[in-house]
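What follows is a short report on a single structure.
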Protein chains: 2
Amino acid sequence: MVKSTLDKQVSGRLGQDDVRYTAGRREVVLALSEADGPRSAAELSDDLGPSVPLSSLYRTLAVLEAADILTPHFSSPGVTRYELAEWLNGHHHHLVCVVCGQVEDVETTDEVELRLQAIVSDITGRSSFVESNHALEIEGKCRNCQ
Amino acid sequence: MVKSTLDKQVSGRLGQDDVRYTAGRREVVLALSEADGPRSAAELSDDLGPSVPLSSLYRTLAVLEAADILTPHFSSPGVTRYELAEWLNGHHHHLVCVVCGQVEDVETTDEVELRLQAIVSDITGRSSFVESNHALEIEGKCRNCQ
DNA sequence: TTCCTTGCAAACGATTTGCATTGGA
DNA sequence: TCCAATGCAAATCGTTTGCAAGGAA
């Protein structure tokens, strides 16, 4: 079995928690690494086929989230989508289609990210809120839904 | 019955759709106008008391959203929170507490908002995505949860 | 053998809907 | 009077969990 860099990172992290990196979990990580944005359990189920029961999928997602391999996102009603955590996937933002609900990743340059961070600091500066992360969600219509 | 400015705005808007501004709907609008951030059906139910059935509350929220009086937000798993639409409430951003899930509004200055808009344009500039709105969600710990 | 993992089915929580009743213009 | 609005109960949908079977170390 050939292990990619990603596989090694995930495997190492799971090992710290005494959690096995099983075939089913590897499939989910692979599917998410190939996706261009967060994916819901239902969407992943479509990718993986009906041989993977939804309950196992949900359990896999929960395990990977607890191990900080995946990050949850909530951009459409009642659905949680997951993507690889930032330390695996890099910092980025989201284009959320208000028609079909699909979410697409967008990269920013370091320069843009610095300007954004400055804005976040301006906003939280005088409040008693302690920032841990920020997410710029851009809503609109994706290519397919215009 | 004394009507506030907000009441007149909402009443006028609903009138355009041949939708009545009933006591139950007015209560929800009032409760949301007094909140400092988006509220879920369950949270509103706590405010309004058990005399308002949840099903009516959900129907009210759906009607007000369809009329563009309310905007939905999805920041915690499985829960939709609503707030007054921007044309009633003003443009603002959110501080999302990762511990308790509560969401608090934050205002920005026009100057900060211009800088943010520039960033959004930089990001969407080369994509085929058509922006309609942006939302800067700042995650962290609220005053109570630190 | 010892635990972790998986599958299936039942249980859950948030939200929606069918249907009969109520209420306003 | 007539149709929108409401209440109640049942139904849905995404997600979670109990329990027994399968699998790796």
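The chains referred to below are lettered A, B, ... by the order of the sequence lines, with proteins before strands, and numbering in each begins at 1.
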Exercise for the section: Apply side-chain contact (heavy atoms from CB on, under 4.5 Å) to D105(B) and D36(B), showing your working. Expected result: CA-CA 6 Å; D105(B) 290 348; D36(B) 62 351; 5.9 Å; no
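Separating the CZ atom of R81(B) from the P atom of dG13(C) is a distance of 17 Å, rounded to the nearest angstrom. Atom-to-atom, CZ of R39(A) to C1' of dG14(D) comes out at 18 Å; the value is rounded to the nearest Å. Atom CZ in F74(A) sits about 17 Å away from atom C1' in dC13(D), given to the nearest Å. Atoms CG (D18(B)) and P (dA25(C)) sit 13 Å apart, rounded to a whole Å. Across the protein-nucleic acid pair, L14(B) atom CG and dA4(D) atom P stand 15 Å apart, rounded to whole Å. The CG-C1' distance, from L54(A) to dA11(C), rounds to 16 Å in whole Å. The nearest whole Å value for the distance from the CG atom in D17(B) to the C1' atom in dA5(D) is 15 Å. Across the protein-nucleic acid pair, L48(B) atom CG and dT6(D) atom P stand 13 Å apart, rounded to whole Å.
Using a 4.0 Å cut-off, no side-chain N or O of Y58(A) falls inside it from OP1 or OP2 of dT16(D). In this structure, R25(B) reaches the dA5(D) phosphate: one of its side-chain N or O atoms is under 4.0 Å from OP1 or OP2. Listed pair S56(A) / dG7(C) meets the phosphate criterion, a side-chain N or O lying under 4.0 Å from OP1 or OP2. Dashed line: the shortest gap from a side-chain N or O of S40(A) to OP1 or OP2 of dG14(D) is not under 4.0 Å.
Taking NZ of K141(B) as the start and OG of S132(A) as the end, the distance is 8.5 Å to the nearest 0.5 Å.
Nucleic acid contact class of T80(A) (heavy atoms, under 4.0 Å, all strands): sugar-phosphate only. The residue V19(B) sits close only to the backbone: its heavy atoms come under 4.0 Å of sugar-phosphate atoms, none of a base. Looking at heavy-atom distances under 4.0 Å, V79(B) makes contact with sugar-phosphate atoms alone, never a base. Residue contacts shown for S55(A) include a base, since a base heavy atom lies under 4.0 Å away.
In DNA chain C, the stems built from three or more successive Watson-Crick or G-U pairs (distances below 3.5 Å) are C:1-25 with D:1-25.
Under 3.5 Å, the side chains of S11(B) and R26(B) contain no donor-acceptor pair of N or O atoms. Side-chain polar atoms of E131(A) and T124(A) form no donor-acceptor pair below 3.5 angstrom. Between the side chains of E107(B) and H92(B), no donor-acceptor pair of N or O atoms lies under 3.5 Å.
Residues forming a salt bridge (charged side-chain N to carboxylate O under 4.0 Å, His left out) with R25(A) (at least two apart in sequence, or on another chain): none.
A donor N or O paired with an acceptor N or O is found under 3.5 Å between the base of dG18(C) and the side-chain atoms of R59(B).
Using cut-offs of 30° and 60° on the angle between ring planes, the pair H134(B) and H93(B) is parallel.
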